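Since the structure comes first, as structure tokens, the remarks are kept for the end.
As the structure is a computational prediction, the values presented were derived from the model and not from experiment. Residue numbers start from 1 in every chain, and the chains themselves are labelled A, B, ... in the order their sequence lines are given, proteins ahead of strands.
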Amino acid sequence: MFHVGGARSALFNWVMARQSGGALVLRIEDTDTSRNRPEWTEGIIRALAWLGMDGDEYEGPYFQSAGAAQHAEALRTLMDQGRAYYCDCTRDDVIARTGDQHKGYDGFCRDRGLGPGPGRAVRFRTPDEGQTTVVDLIRGNPVFENAVLEDFVVARADGSVTFLLANAVDDIQQRITHVVRGEEHLSNAPKQQLLWTALGAEPPVWAHVPVIVNEKRQKLSKRRDKVALEDYRAEGYLPEAMRNYLMLLGWAPSGDREIVPWKDIEAEFRIEDVNSSPAFFDVKKLRAINGEYVRALPVERFAAECRPWLDPARAPWDSYDPAVFERLASLAQTRVAVLAEIVEMVDFAFLPEPPFDEAAWNKGMKGPAAELLAGAEDAYRDAPWTAEELKTRLEAVGTAHGLKLGKAQAPVRVAVTGRTVGLPLFESLEILGRETTLARIAAARTRLG
RNA sequence: GCCCCCAUCGUCUAGUGGCCUAGGACGUCGCCCUUUCAAGGCGGUAACACGGGUUCGAAUCCCGUUGGGGGCACCA
């Protein structure tokens with residue numbers, strides 16, 4: 001599962017790396033062995049590739065767990081400097097003492113001089129005074145009082161180091177100059193910076209990207225919101241549209257433009273211009289933008305992009321004819337905003353029977369539907385099978401009943417396609433062919449009684 | 001509770017002291033086109049959270065208020 005927020009951060013990182021000629025490094029932060037799956041990495045790589053980031057666009061992936069030796073060494077350095085100490089407090093101990101779940105560590109073991117042992121973690125001794133200023137390209141330079149920074153854990157009781165330390169060590173070693181990540185990490189920045197300094201390095205420049213929120217203005221969460229890039233991909237959002245939209249969240253290209261070629265984005269983007277307030281993930285807008293991209297596709301490309309959704313393995317029909325779809329594609333292109341929608345747009349042509357929908361049937365078969373269908377059947381039996389002719393003949397049938405084409409076509413549409421709305425009717429009939437069309441009209445007449 | 005952040009139409013944004021009776025896009029509404037539905041065209045709707053300053057002048061700068069958000073794990 002690749003979170004859309006992560007995707008946006010990745011995009012920002014990517015663009016910045018390309019602009020500066022620097023390298024983008026992909027690091028899998030797997031220091032917590034208890035919650036890690038190798039296949040997740042594959043998913044991340046696949047998602048990045050879908051967005052346009054092939055393996056040659058970044059260095060790595062590096063696995064953080066592979067650096068355990070250096071992490072351990074850094075830990076020793078901190079111990080030797082007296083910047084870290086052993087602690088045997090459990091979380092419950094701390095809460096019992098402070099009476100507050102969210103108060104952070106109280107420094108109980110700071111000067112107990114504990115040695116290593118089972119159940120003992122290592123905490124970093126944060127300075128009692130002074131301030132830590134985080135140089136952040138997006139939110140100015142937030143200042144943190146060192147005194148309010150708790151003594152955080154840098155190594156677990158089992159000896160493994162935590163994310164904070166591992167990151168600092170790896171960042172220093174990989175000579176990271178810019179850290180661009182979600183705002184939820186902002187409060188980690190001063191801690192990590194303290195670590196960088198303690199390890200003798202000059203801290204990087206940060207950019208904490210505002211979170212993406214839902215309609216209730218809360219950070220998008222896997223639990224309650226649709227956040228997986230893969231889900232959008234499966235619905236038929238185009239990667240070009242997705243990355244264009246993601247870049248629009250918190251940033252805007254020059255001029256009154258929104259649909260912008262990627263090369264322009266790459267040329268114009270500046271992390272300093274990213275808004276510092278949270279942005280709502282508006283699927284309606286995403287959809288609109290996707291529609292623009294879909295319509296801009298050459299029709300052959302459009303047809304090719306639709307293929308996965310039409311494949312009998314996935315579609316509700318057993319077999320389908322690519323030649324038929326090719327003829328329908330141009331009719332469907334302006335009517336599809338998200339590729340998955342192609343299925344119900346053209347299913348009438350591949351299903352043995354038109355799909356039946358009670359509401360559609362009732363709506364389409366109102367009034368003189370029976371007479372209209374009878375008239376159409378007669379008119380079509382020997383008609384030259386062209387859309388033009390089919391239209392003219394049904395028009396005449398309608399006129400005989402005092403109806404305009406808009407009304408007269410309704411029963412035929414429902415009889416043949418099963419729906420009240422859809423592709424242009426006469427063109428569809430032409431492609432469907434006389435035999436099927438007539439058979440469906442006859443079937444509908446029977447059903448009508 | 002503590003730390004940090006944020007605040008322009010419903011939404012994403014433009015705007016960096018006069019060009020702003022605040023622009024664009026999505027949404028929404030209406031009209032046109034029309035074989036349904038889209039697409040397309042035209043038009044409407046709708047915002048500087050509030051209160052104080054600073055200034056000749058403030059959406060833009062400062063302070064406060066209110067409101068929202070993020071974080072406070074031996075997760076990352």
Going by purine N1 to pyrimidine N3 plus the second Watson-Crick contact, or the G-U wobble pair, all under 3.5 Å, which nucleotide sits opposite B:rC2?
B:rG71

To the side chain of A:Asp100, which of B:rG1, B:rC75, B:rC5 is closest?
B:rG1

When the C1' atoms of B:rG15 and B:rG64 are considered, how many whole Å apart are they?
25 Å

Give a yes/no on whether any side-chain N or O of A:Asn188 is located under 4.0 angstrom from OP1 or OP2 of B:rC72.
no

Do A:Lys285 and A:Asp282 pass the salt bridge (Lys or Arg N to Asp or Glu O under 4.0 Å) test, and can you show the C-alpha distance, the side-chain angles, and the key distance before you say yes or no?
CA-CA 5 Å; A:Lys285 178 125 185 177; A:Asp282 188 354; over 6 Å; no

Measure from CG on A:Asp282 to C1' on B:rC9 and round the result to the nearest Å.
14 Å

If pairing requires Watson-Crick or G-U wobble contacts with both distances under 3.5 Å, which nucleotide is the partner of B:rA39?
none

In numerical order, the residues of residues 127-137 of chain A whose heavy atoms come under 4.0 Å of RNA chain B are none

Any donor-acceptor pair under 3.5 Å between the side chain of A:Glu183 and the base of B:rG71?
no

Whether A:Asp378 and A:Arg393 form a salt bridge (side-chain N of Lys/Arg under 4.0 Å from carboxylate O of Asp/Glu) is what I want to check.
no

Could you tell me whether A:Glu29 contacts a base, only the sugar-phosphate backbone, or nothing, with contacts defined as non-hydrogen atoms closer than 4.0 Å?
sugar-phosphate

Measure from NZ or CZ of A:Arg447 to the centre of the six-membered ring of A:Phe356, then state whether that distance is under 6.0 Å and the direction lies within 45° of the axis.
yes

The correct set of residues in residues 326-345 of chain A placing a heavy atom under 4.0 Å from RNA chain B is A:Thr334, A:Arg335

Does a side-chain N-to-carboxylate-O contact under 4.0 Å join A:Lys363 and A:Asp357?
no

Under 3.5 Å, is there any donor-acceptor pair linking the side chain of A:Asp30 to the base of B:rA76?
no

Tell me whether the side-chain N/O atoms of A:Arg257 come closer than 4.0 Å to OP1 or OP2 in B:rC12.
no

Per nearest nucleotide of RNA chain B, the residue lying toward the 5' end, A:Glu145 or A:Leu405, is A:Glu145

Parallel, tilted or perpendicular: rings of A:Tyr232 and A:Tyr237 (30°, 60°):
perpendicular

